[in-house]
Enquirer: 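Have a look at the structure that comes next, please.
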Amino acid sequence: MPTWQGQFISHSRACAESDPAPYFRRPFFVEDRPRRATLYVTALGIVDPYLNGSRIGDQVLAPGWTSYRERLMVSEYDVTELIHTGHNVLGAIVGEGWAVGALTWSKVNHHYADRPALYMQLELDHTDRAHTIVTEPSTAPWKLSDWRVGTQGVRANGLYDGETFDARLESPTWCDPDFDDREWGPAIHYHWDLDTLRLATAPPIRRIEHLPAVAVTTSPAGHRIIDFGQNIAGWTHLSIDTPRRGQDILIRHAEALTPEGSLERETNRTAQATDRYICAGADHEEWEPRFTFHGFRYIEVEGWKGALDLSNFSAVVVHSDMARHGWFESSHALLDQFHSNVVWSMRSNFVGIPTDCPQRDERLGWTGDLNAFIPTATYLYDVQAVVESWLTDLMIERERVGNMPRSAPLVDPRPSQPTALWGDAIVNVPWTLYQESGQVDVLRRCWAAMRSYVDEVESSLDESGLWNTGFQYGDWCDPDAPPREPGQGKTDKYLVAQAFYARTTAQMASIATLVGDTDAARHYTDLAARVRAAFQGAYVDPRGVVAGETSTGYALAICFDLLEPEQVEYAGKRLNSVMAGRQFTISSGFAGTPFIADALTKTGHLDGAYALLMQTQCPSFLYPVTMGATTIWERWDAILPDGRLHRTGMTSLNHYALGAVADWIHRVVGGLSSAAPGWSRILVAPQPGGGLTHASTSHITPLGLAGVSWAVEEDEMRIRVIVPPGASADVRLPWHAESPTIAVGPGEHEWAYPVCRQ
Ligand code: BGC
């Protein structure tokens with residue numbers, strides 16, 4: 001890491017709502033071109049760096065969101081090609097971002113800083129000498145080579161509310177040497193501890209894709225509405241032919257339309273999600289915002305003059321630039337769309353940190369959402385660096401506030417108590433990363449934090465080992481919970497807590513062994529047994545009936561191994577009949593839903609699992625797909641069959657948590673799963689059903705590509721398997737007369753045999 005030699009700079013007054021963004025510039029002279037020029041840049045806010053009028057790099061929304069008081073990420077760029085001999089100008093625009101702007105439903109701003117502030121360090125390496133230019137306050141009297149601050153086109157910006165840009169006020173030369181900055185003011189020192197600066201480790205946020213507009217309609221109020229065909233996180237790119245000077249264009253973003261065809265803006269809650277562009281009056285103008293992002297599929301356009309063509313608009317998809325690692329497709333169009341919706345909700349919610357949703361006044365790193373989704377996330381994308389960065393913040397915040405926060409970075413001032421699914425993310429998330437990578441380091445790094453959470457819960461158990469006091473989210477967003485009380489699902493919340501704590505303590509016993517703490521391994525093994533026994537004692541009758549007879553109660557008991565072998569079969573039967581009693585619609589929330597299909601499969605009710613998967617009645621996995629969903633909703637019935645939004649206030653249409661069921665789809669429908677940490681052993685065990693005639697899935701494991709593809713044609717089953725170098729696989733051939741398990745090594749393998757459905 002370089003030695004930081006500069007200071008943060010800003011303008012002289014605290015930022016009020018809707019303030020123009022500060023533009024910074026600093027001229028410098030170079031006698032001969034350096035061998036190498038490296039720029040380090042970060043900001044309290046969102047920074048767009050420039051050199052000699054050129055935007056540097058392709059990162060957007062940098063430095064992303066971390067626990068800034070402890071770690072503020074610095075971007076590093078090779079700018080050698082942009083340096084000229086003679087006069088040069090280094091510049092930057094800094095928006096409010098997470099550090100300065102309003103966050104959460106409370107709309108409180110200034111969480112980290114009261115104004116946008118910039119840090120830059122340009123290192124010019126001339127072989128025989130080195131020269132460094134850094135941000136520092138202007139001198140008095142003013143010198144030509146001082147930093148100056150002014151305002152230009154960006155008139156207002158907020159992550160939730162949007163950006164206003166007045167092109168009449170933007171000089172194209174503001175970052176050129178001959179720009180006259182005498183009207184700009186001095187830069188002042190902004191106090192910020194340079195020890196917080198870190199070189200970024202996670203992939204940056206980038207524009208990943210441009211989606212064309214697919215349709216234009218007119219709302220009942222006469223506004224033109226553009227449909228991009230896909231719900232995303234990002235923004236709109238405008239391309240305006242023959243704009244008039246001063247023409248004021250408003251772009252409002254929304255995820256859905258009302259049945260009447262107006263924008264449905266309720267899912268944004270208080271986020272205005274409105275960008276405004278005031279034209280300069282050039283022959284042709286192009287614009288997109290840089291200091292905001294929206295969760296949207298539709299835009300409403302106001303102030304457009306003349307013909308409006310679909311080619312005037314595109315949607316810019318923005319997220320952390322992670323490598324895609326997992327794929328699935330099948331013979332069932334709705335199922336494929338469902339899987340695509342899971343992928344899109346993941347993409348929309350990995351904008352720097354893993355969040356709940358990209359559209360409303362939250363976009364927070366909620367622990368419970370990622371805890372539910374992490375097995376699916378690690379399959380679909382290489383999330384290691386993004387999630388490890390977020391875990392670092394989670395642990396920092398825990399240290400700071402003295403308990404396990406429910407979101408990180410933490411700006412929600414409400415004190416936290418240990419809570420199942422949310423709190424134990426500190427154990428299950430690193431555990432899942434370890435399962436994927438086979439690298440123990442992440443467990444070591446999180447070990448102390450894991451222990452503190454698990455030990456805190458242990459201290460609140462009653463004498464029988466039950467966790468039955470304190471706040472719990474329970475089976476959050478159970479469709480049967482009262483509309484405005486998503487935490488009041490029908491499954492006893494302490495049953496949910498006990499089940500998760502049993503899983504967590506069992507994981508702790510394994511982790512303790514892996515990190516080499518034998519005393520702790522013994523302790524957590526005993527604790528896990530005690531917690532499991534308490535679950536049995538309080539919630540399970542001798543036959544295997546789980547208290548309350550809810551699908552979540554059964555699924556957790558079965559999947560977390562909380563039943564005796566002789567109870568499992570009966571519990572599976574009961575689960576299947578509970579589900580059949582509801583025609584296999586969903587009656588579970590965040591805690592239970594990821595496990596229902598698995599529990600049915602494990603107990604021999606594969607048909608029930610497929611009935612659940614293929615159901616299209618509300619609420620079900622495929623119901624939103626039949627309603628045109630292109631992402632996973634916060635609740636399966638967020639839009640009701642009459643096309644109206646459920647009036648619960650919990651109706652984000654882009655929440656990945658319930659997409660967690662894709663993990664079962666990969667393992668059971670596709671048939672690919674890891675049988676040892678790091679995928680050194682693989683289980684290939686597709687279990688066809690649901691009328692599917694074909695499915696395939698593949699995953700880039702740490703050892704290389706693994707894949708399974710199966711197809712049934714005229715009663716012949718064909719299976720193709722790819723095993724990466726260094727791995728071995730156990731292949732269980734489905735619908736085979738002898739049900740063999742075949743051990744194979746690296747390479748491609750293929751089988752074809754007559755289907756035997758016994
Ligand atoms: C979020 C959830 C989150 C929950 C917990 C909600 O508003 O969107 O996904 O986990 O709050 O309180």
Side-chain angles (χ1 to χ4, degrees), residues 366-374 394 398 403-407 414-429 431 449-478 480-481 485-509 524 526-541 545-563 571 587-596 599 657 660:
W366 285 106
T367 51
D369 302 50
L370 185 65
N371 199 9
F373 190 68
I374 188 70
L394 180 61
R398 189 196 69 82
N403 52 45
M404 190 57 69
R406 293 176 203 147
S407 63
R414 295 173 300 177
S416 181
Q417 290 178 36
T419 312
L421 186 60
W422 277 257
D424 51 75
I426 188 57
V427 181
N428 187 52
V429 171
W431 174 248
M450 292 174 175
R451 289 200 69 163
S452 90
Y453 169 78
V454 175
D455 295 352
E456 187 180 349
V457 177
E458 184 183 357
S459 69
S460 66
L461 300 181
D462 75 6
E463 62 292 345
S464 65
L466 278 179
W467 185 13
N468 54 11
T469 51
F471 174 83
Q472 291 293 339
Y473 284 116
D475 193 18
W476 182 252
C477 283
D478 174 348
D480 297 328
E485 294 173 85
Q488 301 303 323
K490 60 192 167 306
T491 307
D492 182 334
K493 51 177 66 167
Y494 292 120
L495 180 157
V496 172
Q498 191 74 12
F500 273 89
Y501 194 54
R503 176 178 79 159
T504 304
T505 46
Q507 288 173 340
M508 286 296 280
Y524 292 119
D526 292 348
L527 180 61
R530 185 169 156 236
V531 171
R532 184 177 182 277
F535 182 91
Q536 282 261 339
Y539 301 116
V540 188
D541 89 354
V545 173
V546 175
E549 296 244 65
T550 66
S551 54
T552 292
Y554 278 116
L556 298 182
I558 293 166
C559 290
F560 295 171
D561 190 25
L562 305 179
L563 303 174
S587 61
S588 48
F590 278 28
T593 304
F595 302 103
I596 314 283

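Since the structure is predicted, the reported quantities are computational estimates derived from the model, not experimental observations.
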Enquirer: Can you find a heavy atom in the side chain of M404 that is under 4.5 Å from one in the side chain of P418?
Expert: no
Enquirer: Quick test of your reading: applying side chain to side chain donor-acceptor pair (under 3.5 Å), list the pairs with at least one residue in residues 499-509, sequence neighbours left out, ordered by first then second residue.
Expert: N428-Q507
Enquirer: Just verifying a value: how many Å separate R530 CZ and E458 CD, rounded to the nearest 0.5 Å?
Expert: 6.5 Å
Enquirer: Can you name the residues that form a salt bridge (Lys or Arg N to Asp or Glu O under 4.0 Å) with E549, not counting sequence neighbours?
Expert: R574
Enquirer: Is there a side chain to side chain contact (heavy atoms under 4.5 Å, CB included) between L562 and Q498? Walk through the geometry before answering.
Expert: CA-CA 10 Å; L562 305 179; Q498 191 74 12; over 6 Å; no
Enquirer: With sequence neighbours left out, write down each residue that passes side-chain contact (heavy atoms from CB on, under 4.5 Å) with A533, or none if nothing qualifies.
Expert: none
Enquirer: Apply side-chain hydrogen bond (donor to acceptor under 3.5 Å, both in side chains) to T367 and list each qualifying residue two or more places apart in sequence or on a separate chain.
Expert: none
Enquirer: Please walk me through it: do V545 and V540 pass side chain to side chain contact (heavy atoms under 4.5 Å, CB included)?
Expert: CA-CA 6 Å; V545 173; V540 188; over 6 Å; no
Enquirer: ring-ring contact (aromatic ring centres under 6.0 Å, His included) with F560: which residues, sequence neighbours excluded?
Expert: F500, F595
Enquirer: Would you confirm whether S452, through its side chain, and A449, through its main-chain N or O, come within 3.5 Å as a donor-acceptor pair?
Expert: yes
Enquirer: What's the shortest heavy-atom distance between S416 and N403, and which atoms?
Expert: O-ND2, 3.2 Å
Enquirer: Among all residues two or more places apart in sequence or in another chain, which pass the side-chain hydrogen bond (donor to acceptor under 3.5 Å, both in side chains) test with Q417?
Expert: none
Enquirer: To the closest 0.5 Å, what do you measure between CH2 (W366) and CG (L370)?
Expert: 13.5 Å
Enquirer: Taking side-chain contact (heavy atoms from CB on, under 4.5 Å) as the definition, give me every residue that meets it alongside T550, ordered by chain and number, with sequence neighbours left out.
Expert: K490, T491, T552
Enquirer: Which distance, rounded to the nearest 0.5 Å, do you find between the CZ of F535 and the CG of L563?
Expert: 7.0 Å
Enquirer: State, to 0.1 Å, how close A425 and N371 come at their nearest heavy-atom pair, and which atoms those are.
Expert: N-ND2, 3.3 Å
Enquirer: Going by side-chain contact (heavy atoms from CB on, under 4.5 Å), name the residues that satisfy it together with R451, two or more places apart in sequence or in a different chain.
Expert: W447, D455, M508, D517, A520, Y524
Enquirer: What's the spacing between L461 CG and W467 CH2 if we round to 0.5 Å?
Expert: 8.5 Å
Enquirer: Restricting to side-chain contact (heavy atoms from CB on, under 4.5 Å), what partner residues turn up for K493, sequence neighbours left out?
Expert: Q472, Q488
Enquirer: Residues two or more places apart in sequence or in another chain: which of them pass ring-ring contact (aromatic ring centres under 6.0 Å, His included) with Y473?
Expert: W422, F471, W476
Enquirer: Quick one: does V546's side chain get under 4.5 Å of L495's, heavy atoms only?
Expert: yes
Enquirer: For S407, give me all partners under side-chain hydrogen bond (donor to acceptor under 3.5 Å, both in side chains), at least two apart in sequence or on another chain.
Expert: none
Enquirer: Do you know the tightest heavy-atom contact between G589 and P594?
Expert: O-CD, 4.2 Å
Enquirer: Could you go step by step and tell me if D475 and S588 meet the side chain to side chain contact (heavy atoms under 4.5 Å, CB included) rule?
Expert: CA-CA 7 Å; D475 193 18; S588 48; 3.8 Å; yes
Enquirer: Sequence neighbours excluded, which residues qualify as side-chain hydrogen bond (donor to acceptor under 3.5 Å, both in side chains) partners of S464?
Expert: D462
Enquirer: Which heavy atom of A555 sits nearest to which heavy atom of G592, and what is that distance?
Expert: CB-O, 4.4 Å
Enquirer: Should Y539 and L556 be marked as a side chain to side chain contact (heavy atoms under 4.5 Å, CB included) after you check the CA-CA gap, both sets of side-chain angles, and the distance that decides it?
Expert: CA-CA 12 Å; Y539 301 116; L556 298 182; over 6 Å; no
Enquirer: Which atom pair, heavy atoms only, marks the closest approach of A420 to A497?
Expert: CB-CA, 3.5 Å
Enquirer: Nearest 0.5 Å, what's the CD1-OG distance between I596 and S587?
Expert: 6.5 Å
